[in-house]
Amino acid sequence: MSTQAMKNSKITKWLFDHVIYVFLILLVIGIVIASPDFLSVTNLINILSQSSSRIIIALGIAGILITAGTDLSAGRMVGLAAVVSASLLQAGDYAYKMYPNLPELPFFVPIIIAMVVTGLFGILNGVIVSKFHVPPFIATLGMMISVYGITSIYFDRPPYGAQPIGGLSESFTKFAQRGIPIGDYEIPFLIFYAIIFSVIIWVIWNKTQLGKNMYAIGGNPEAAKVSGVNVAKNIIIIYMIAGLLYGFSGTIEAGRVGSATNNTGNMYELDAIAACVVGGVSLSGGIGTVPGVITGVLIFQIINYGLAFLGVSPYIQFIVKGAIIIVAVAFDMRKHAKKK
Amino acid sequence: MFKKKKGFILSLTVASSILLAAGCSSSTGGSDSGKNKGGDKLPAVGATIYKFDDNFMSYVRRAMEAASEGKINLMLNDSQNDQAKQIEQVDTLIAKGAKSLAINLVDPKAAQTIIDKAKAKDIPVIFFNKEPDSSVLQGYEKAYYVGTTSSESGVIQGEMIAKAWEANIEKYDKNGDGKIQYVLLKGEPGHPDAEARTTFAVNTIKEKGIEVEELAMDTAMWDATKATEKMDAWIAKFNEQIEFVIANNDGMALGAIASLEKAGYFSGDKFMPVVGVDAIPEALDMIEKSKMFGTVLNDATNQGKATIDLATNAANGKDVLEGTDWTLDDSRAVRVPYVEVTIDNIQVGKDAYK
Amino acid sequence: MSEARTTNILEMSHLTKRFPGVIALQNVSLKVKAGTVHALMGENGAGKSTLMKCLFGIYTMDEGKILLDGKEVSFANSKQALENGVSMVHQELNQVRQQNVMDNLWLGRYPKKGIFIDEKKMYEDTVAIFNSLDISIDPRSRVSTLSVSEMQMVEIAKAVSYHSKIIVMDEPTSSLTEKEVDHLFKIIRKLQSENVAIIYISHKMEEILKVSDEVTIMRDGQYIATKSAKDLTTEEIIKLMVGRDLSQRFPSKMNQPGDVILKVTDLTAENESSFSNINFELRKGEILGIAGLVGSKRTEVMESLFGMRSLSSGMVELHGKEVHNHSPQHAIKNGFALVTEERRSTGIYPDLSISFNSIIANLVQYKKGIFLSDRKVHDDTKWVIDSMKVKTPSQKTSIGSLSGGNQQKVIIGRWLLTNPEILLLDEPTRGIDVGAKYEIYQLINQLAADGKGIIMISSEMPELLGVTDRILVMSNGRAAGIVDTATTSQEEIMRLAALY
């Protein structure tokens with residue numbers, strides 16, 4: 001191989017490894033060319049805060065993907081958490097309360113309750129996958145449907161029936177909608193929640209036995225088993241962590257929107273899986289990083305926000321997003337394809 | 001093999017640049033400004049539609065686009081039936097410098113969040129078609145509502161049923177007991193319109209002194225296909241006992257008619273009165289073919305027009321009603337009236353879609 | 001020799017293992033002394049891996065007992081064996097490729113500091129072990145970036161980290177360069193000096209004589225002898241390994257090789273670590289065998305001919321005209337057919353019927369409009385069953401319920417339906433009992449007599465000698481020579497197979 005060819009192949013390899021960043025840069029450049037005022041602090045804050053709850057969901061799903069699993073029930077769990085927490089967070093003076101006699105709770109109590117509920121469903125997912133050996137796609141598909149039913153039963157109840165649950169207490173909406181003022185701008189708390197969870201998840205993935213086991217189980221389940229890893233237990237914990245993350249995310253979704261219905265969170269799992277995949281998480285397991293997942297979410301959010309900002313027809317936005325998922329995975333497959 | 005790799009990269013590069021090009025090109029001529037050129041000079045109005053592919057809302061959207069021509073730069077967004085997405089779109093619209101907002105909520109209880117965002121920037125908001133809680137609306141003096149009284153569609157539907165029953169009792173009262181045995185196709189449970197139409201239609205009939213008996217009621221989620229499936233089952237179960245089919249919207253009414261046709265209705269003297277709400281063109285067609293008794297016109301054109309009238313005035317810093325015929329009620333809402341449409345006044349319905 | 005080296009660390013005595021219809025091990029014994037390298041030798045199918053699988057609890061033995069350090073043991077799985085100081089460096093390395101070296105080394109027993117992993121201790125412990133073994137691999141490098149020999153060293157280090165008393169190495173040098181082999185031997189010597197016993201499984205005579213203290217030879221599931229390596233020569237080992245009567249196991253040959261139909265020139269794989277510069281010719285009606293050790297890339301050559309792998313150079317000529325098989329579809333169109341080695345994973349659709357399995361390679365022939373002609377499918381399946389003498393109750397029987405021999409007959413029948421000129425058979429009799437093998441040999445013979453050109457890979461030396469006309473011997477990705485079956489010997493083939 002000549003040095004020129006070697007150089008070429010190095011560049012090719014670099015492009016293969018970083019294609020998604022290249023694409024992101026091209027995308028931003030494209031948007032900025034089309035509309036120079038896209039470059040503003042407000043837009044940056046908007047994109048980051050809109051990414052926040054998606055990042056938290058995606059981190060939950062990413063852990064599961066790394067174990068070579070998947071979770072289709074994520075969106076519905078977000079909905080369940082949103083409905084449960086909203087029902088417990090309605091302001092004391094609101095006329096249509098689901099629990100008219102419930103005193104106004106400190107806002108963190110319902111958050112914890114919602115997280116416990118979805119955490120339990122996460123455990124259930126993990127048990128079904130690891131103990132009953134139901135393929136994760138099927139297990140979580142079933143869970144997705146069932147959880148929707150459960151959410152709807154909880155939601156559609158007397159005294160007011162299937163009404164969106166609104167009138168959330170101010171302490172809670174502040175928690176989800178407000179932020180820390182810095183200069184002329186207000187940095188939403190949401191961004192900090194995403195940062196906190198990202199750090200926690202990064203530590204779990206990289207600094208704990210659970211994290212190492214997670215990669216091992218996804219990368220080579222046989223090797224993990226032979227080395228004495230309790231595969232079932234680890235899988236259950238990973239699904240549980242995902243459940244907890246969905247729970248938190250669901251509550252802040254309710255807070256961010258100011259209300260919740262049984263349809264909150266619908267299809268979020270697909271956005272999250274797509275973001276993970278674009279961020280380099282391998283669907284066949286064993287590969288994925290926290291920064292990658294965050295990048296994947298940001299890319300989607302920049303597309304969402306940027307194209308909306310440009311006023312691109314929503315239908316074209318769909319085409320672009322779909323194409324990006326396919327292109328990202330096509331590159332990924334090339335990268336990991338073993339030379340025969 | 002190296003060659004293959006190159007080809008692969010090339011094709012992906014081409015694919016992605018096409019996408020970018022598509023994105024950029026449509027940004028210049030896209031839906032941003034409706035059809036008006038030089039939109040930059042016109043005041044910007046941000047609008048969100050809860051779901052672009054909603055049949056009725058697409059007529060409202062068209063009316064809005066028509067009404068905004070030459071007056072404002074209308075930035076339309078599709079919220080894809082996702083309230084979180086809508087909130088994000090509102091952020092984007094504010095960031096883009098909208099002077100007023102026209103919001104078709106996904107979830108009526110989310111109004112407060114949007115008002116908070118608008119209030120922070122002192123931007124007027126006109127909600128339309130989906131009504132926020134009155135107390136929420138009162139919390140911001142620059143918030144308005146354009147829509148209908150949701151109970152009204154049910155009331156008008158009930159009146160129409162009562163009138164039809166009394167005029168045709170010989171033909172309609174199949175078992176001769178003087179009571180209306182009906183089946184009811186309900187929209188999405190929890191949807192304010194579905195709840196209101198269901199309650200008020202039935203109550204209005206009763207108030208007219210007619211006895212009713214509910215054979216069955218089920219949700220078909222506003223959807224024609226689902227309505228057909230439900231109706232299939234009901235025909236199988238009740239068949240001749242059914243004397244009236246009440247649907248919360250025309251889509252479901254059409255679904256029911258499809259099912260009835262399969263069962264041999266509307267040929268010979270086998271007939272079933274079916275009523276809906278919305279007066280969509282397909283429903284008007286059915287009324288003309290005598291397969292549907294009537295519907296209630298939810299006046300898309302005027303809702304769209306009123307919304308844009310108010311939003312335009314608001315964007316220009318004028319009184320929202322200036323130069324219009326609309327009036328505000330106590331809760332700062334413009335109520336566009338519903339209209340009963342039967343074969344007798346079918347033209348009213350048709351005009352709505354001109 | 002120290003005292004430790006005279007005590008047996010492992011005693012496996014009188015092991016018998018039966019599988020339905022086959023006795024895999026018959027009264028086999030193996031005694032390994034502490035601190036020695038004990039070579040375990042035998043042809044493919046002699047029972048070496050079965051014996052090791054009994055040791056590690058993957059198979060349960062029917063008779064016999066295992067003493068470890070004088071105490072009777074019976075491991076339930078390889079994890080238990082590992083914890084008791086018996087470990088195995090696998091031929092197919094069992095590692096999580098996406099993770100780094102030390103993550104793999106300590107998988108399942110990470111050192112911890114509170115709830116966090118103590119990365120520092122992990123690193124230091126890894127470095128300590130690596131230093132003691134003269135391994136220079138960065139513990140933080142990702143396993144997927146390592147060479148095979150480096151991965152193997154990580155596996156050995158892992159065995160050491162478990163304080164193993166016995167380490168089994170299965171064909172450890174099959175994909176190593178000479179320098180890497182020297183390094184491996186150095187490590188083995190070091191382990192030996194720490195009183196670790198090594199069970200060394202290999203086909204390479206030179207290596208065995210160089211590295212081992214004692215040699216145990218097995219043949220056909222039976223124990224033959226244990227001798228001190230000092231007293232052995234390559235010839236003696238081969239004699240002990242082969243030592244059996246070949247007559248009556250093969251049908252007499254009736255094929256008559258004719259003109260050259262396939263000419264392969266300078267075939268080189270795109271993947272540099274695979275094969276290179278392969279040349280051979282195949283005649284009409286000829287059976288060409290391919291011999292070689294595991295890892296000599298025989299299958300790779302065959303799959304390349306069939307369009308499953310990419311080539312960097314070389315020419316394939318059919319009847320003097322160059323052909324390019326870019327994919328199996330091309331290959332089939334050009335008259336090639338391949339019966340794969342892994343019948344279970346790449347050959348059969350076990351839950352589907354014989355009929356389906358017969359016609360699947362050739363669906364286009366059965367199209368009638370957009371549908372498949374039931375009539376023709378039925379007729380051809382009947383042809384497969386009749387002419388291959390498949391024993392089955394019906395065409396609709398799922399192929400998975402047949403015996404291995406009958407499955408193989410259906411697969412060969414499937415490919416004959418494509419009417420190939422050139423039939424590629426990769427280990428056609430693997431996992432088939434002796435009686436059924438004879439029938440397969442007959443079939444191969446008959447096909448050659450009918451004018452097909454046949455290339456056949458086999459790891460069973462007698463089979464190659466009994467069935468083929470000529471044998472291409474491969475060694476480490478290169479052609480070591482082509483021999484005439486009538487005039488060659490097992491010894492010559494073995495010598496060639498170990499050439500590179």
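All chains are named by letter (A, B, ...) in the order of the sequence lines, taking the proteins before the strands, and each is independently numbered beginning at 1. Values below: all heavy atoms of this structure, side chains included; hydrogens, waters and symmetry mates excluded.
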- Item | Side-chain (C:R298) to main-chain (C:G292) donor-acceptor, under 3.5 angstrom | yes
- Message: Are there residues of residues 204-216 of chain A whose heavy atoms fall under 4.5 Å of chain C's heavy atoms? If so, which?
- Response: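 If one takes a 4.5 Å heavy-atom cut-off, the residues of residues 204-216 of chain A near chain C are A:N206, A:K207, A:T208, A:Q209, A:K212, A:N213, A:Y215, A:A216.
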- Item | Residues that A:A58 engages under side chain to side chain contact (heavy atoms under 4.5 Å, CB included), provided they are two or more places apart |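 Partners of A:A58 by the side chain to side chain contact (heavy atoms under 4.5 Å, CB included) criterion, ordered by chain and then number, come out as A:A272, A:C276, A:V293, A:V297.
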- Query: Between CZ of C:F336 and CG of C:N325, what distance do you get to the nearest 0.5 Å?
  - Reply: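 Rounded to the nearest 0.5 Å, the CZ-CG separation comes to 5.0 Å.
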- CG-CG distance between C:D125 and C:L105, expressed to the nearest 0.5 angstrom: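 CG of C:L105 is found 9.0 Å from CG of C:D125.
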- Pairing of C:K121 and C:E124 as salt bridge, 4.0 angstrom limit: no
- When the ring planes of C:H324 and C:H326 are compared, do they come out parallel, tilted or perpendicular, using 30° and 60° as the limits? parallel
- Heavy-atom distances under 4.5 Å only: say whether C:K158 touches chain A with side chain, backbone, both or neither. side chain
- So which part of C:L107 gets closer than 4.5 Å to some heavy atom of chain A, the side chain, the backbone, both or neither? both
- Message: Between C:F75 and C:F56 (judged by ring centroids, cut-off 6.0 Å), do the two rings come close enough to count as a pair?
- Response: no
